[in-house]
> 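This structure is in structure tokens; I'll ask about it shortly.
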Amino acid sequence: MAYIHSVPGRLRVKTRSFRAVEETRQLCRSLATWDGVEEVTFNPRSNSLVVIYDPARVVEDDLLAAIRAQGHRLRPGTSLLHLPAPVPAPPAKLPLSPLVGTAAAAFGGALGKALAGALIKSTIERGVVGLVSAAIR
């Protein structure tokens, strides 16, 4: 059974038929000569082949047909995963107005002071209660 993973411009095929290392290297050299194929990488340890190509100039189905034509078994039942093209990043966030930034900083500072004051008060109260309890015993 073969494994095929595809995103526009990158095709990865993994199949046991790539165990014939010399024939697979010959396939890599052949694919590398195609107009629009930028890089072909073969990993004999994992029996996988990765083709980096320009999707505007190379059709993925043609690459798969060429691999099949070399005698590699890629049955129609092969798991084929197509991912959509990447979604463009949203536009940069608009800067906050100076008034909002100043208000947020003032609120953050006041909140920090209040939390620090509550922590100090609680610590002092616990200390006093501990001293009084020790003195009574």
Side-chain angles (χ1 to χ4, degrees):
M1 188 68 152
Y3 166 83
I4 300 173
H5 178 263
S6 170
V7 293
R10 183 180 185 276
L11 173 69
R12 179 173 186 247
V13 179
K14 181 176 179 175
T15 179
R16 290 182 184 163
S17 67
F18 287 158
R19 288 182 180 170
V21 174
E22 192 48 47
E23 289 83 0
T24 306
R25 290 182 199 265
Q26 180 181 352
L27 171 65
C28 291
R29 288 190 293 272
S30 171
L31 292 175
T33 64
W34 285 29
D35 183 39
V37 172
E38 298 167 11
E39 181 181 346
V40 181
T41 307
F42 171 57
N43 184 336
R45 294 181 103 186
S46 65
N47 297 318
S48 71
L49 176 73
V50 176
V51 182
I52 307 295
Y53 63 95
D54 179 358
R57 296 173 20 201
V58 177
V59 178
E60 177 186 309
D61 289 338
D62 292 345
L63 290 170
L64 292 171
I67 293 170
R68 285 187 184 98
Q70 291 286 324
H72 297 286
R73 296 180 301 270
L74 303 178
R75 289 180 257 137
T78 299
S79 64
L80 183 59
L81 174 62
H82 289 280
L83 297 178
V87 177
K93 293 182 180 179
L94 297 175
L96 295 175
S97 71
L99 180 60
V100 172
T102 304
F107 177 74
L111 181 63
K113 287 179 185 177
L115 288 175
L119 179 63
I120 292 169
K121 179 181 175 190
S122 173
T123 304
I124 291 172
E125 286 174 354
R126 287 184 187 167
V128 169
V129 169
L131 288 174
V132 171
S133 296
I136 294 174
R137 289 186 196 163

> Using a side-chain heavy atom cutoff under 4.5 Å and only I, L, V, M, F, W and Y, what cluster partners does Val59 have?
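Members alongside Val59: none; it stands by itself.
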
> Answer whether the closest heavy-atom distance between the side chains of Leu27 and Phe42 falls below 4.5 Å.
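In short, these two side chains do not touch, never coming nearer than 4.5 Å.
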
> State which residues pass salt bridge (charged side-chain N to carboxylate O under 4.0 Å, His left out) with Asp54; sequence neighbours excluded, sorted by chain then number.
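Asp54 satisfies salt bridge (charged side-chain N to carboxylate O under 4.0 Å, His left out) with Arg57 once adjacent residues are dropped.
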
> Taking only residues two or more places apart in sequence, or in another chain, which ones meet Arg19 in a side chain to side chain contact (heavy atoms under 4.5 Å, CB included)?
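So Arg19 forms a side chain to side chain contact (heavy atoms under 4.5 Å, CB included) with Arg16, Asn47.
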
> Only counting residues at least two apart or in another chain, list the ones meeting side chain to side chain contact (heavy atoms under 4.5 Å, CB included) with Ala66.
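Side chain to side chain contact (heavy atoms under 4.5 Å, CB included) check on Ala66 returns Leu31, Trp34.
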
> Do Val40 and Val21 belong together in a cluster built from hydrophobic side chains that touch within less than 4.5 Å?
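Yes, because Val40 and Val21 connect within a single hydrophobic cluster, where side-chain heavy atoms sit under 4.5 Å apart.
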
> For residues 6-25, pull every pair meeting ring-ring contact (aromatic ring centres under 6.0 Å, His included), keeping only residues two or more places apart or in separate chains.
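Applying ring-ring contact (aromatic ring centres under 6.0 Å, His included) to every pair that reaches into residues 6-25, excluding sequence neighbours, yields Phe18-His72.
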
> Under the side chain to side chain contact (heavy atoms under 4.5 Å, CB included) rule, collect the residues that match up with Ile124, sequence neighbours excluded.
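Expected list: Ile120, Val128.
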
> Between Val37 and Val50, is there shared hydrophobic-cluster membership here, with clusters defined by ILVMFWY side-chain heavy atoms closer than 4.5 Å?
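No, because Val37 and Val50 fall into different hydrophobic clusters, even though each may have its own neighbours under 4.5 Å.
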
> Suppose we screen for side chain to side chain donor-acceptor pair (under 3.5 Å). Which residues come up paired with Glu38, at least two apart in sequence or across chains?
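Here no residue qualifies.
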
> Report the residues that fulfil side chain to side chain donor-acceptor pair (under 3.5 Å) with Ser30, sequence neighbours left out, ordered by chain and then residue number.
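Checked Ser30 against side chain to side chain donor-acceptor pair (under 3.5 Å); zero matches.
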
> Check whether any side-chain heavy atom of Thr24 sits under 4.5 Å from a side-chain heavy atom of Pro44, and report yes or no.
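Result no, sub-4.5 Å side-chain heavy-atom pair not found.
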
> Would you say the side chain of His5 lies within less than 4.5 Å of the side chain of Lys14, judging by non-hydrogen atoms?
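No, side chains not in contact.
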
> Who are the side chain to side chain donor-acceptor pair (under 3.5 Å) partners of Ser48, not counting sequence neighbours?
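With sequence neighbours excluded, Ser48 shows a side chain to side chain donor-acceptor pair (under 3.5 Å) to Ser46, given in chain and number order.
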
> Given the rule in the side-chain contact (heavy atoms from CB on, under 4.5 Å) test, do Val51 and Val13 qualify, once you have shown the distances and angles that lead to the verdict?
CA-CA 9 Å; Val51 182; Val13 179; over 6 Å; no

> What's the separation between atom CZ in Arg10 and atom OH in Tyr53, rounded to the nearest 0.5 Å?
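With rounding to 0.5 Å, CZ (Arg10) is 10.5 Å from OH (Tyr53).
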
> Could you pull out all residues at least two apart from Arg29 that satisfy side chain to side chain donor-acceptor pair (under 3.5 Å)?
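Listed in chain order: Glu22.
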
> List the atom of Val58, the atom of Asp35, and the distance in Å for their closest heavy-atom pair.
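Result for this residue pair: CG2-O, 3.4 Å.
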
> Enter the distance from Leu63:CG to Leu49:CG here, rounded to the nearest 0.5 Å.
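It comes to 9.0 Å.
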
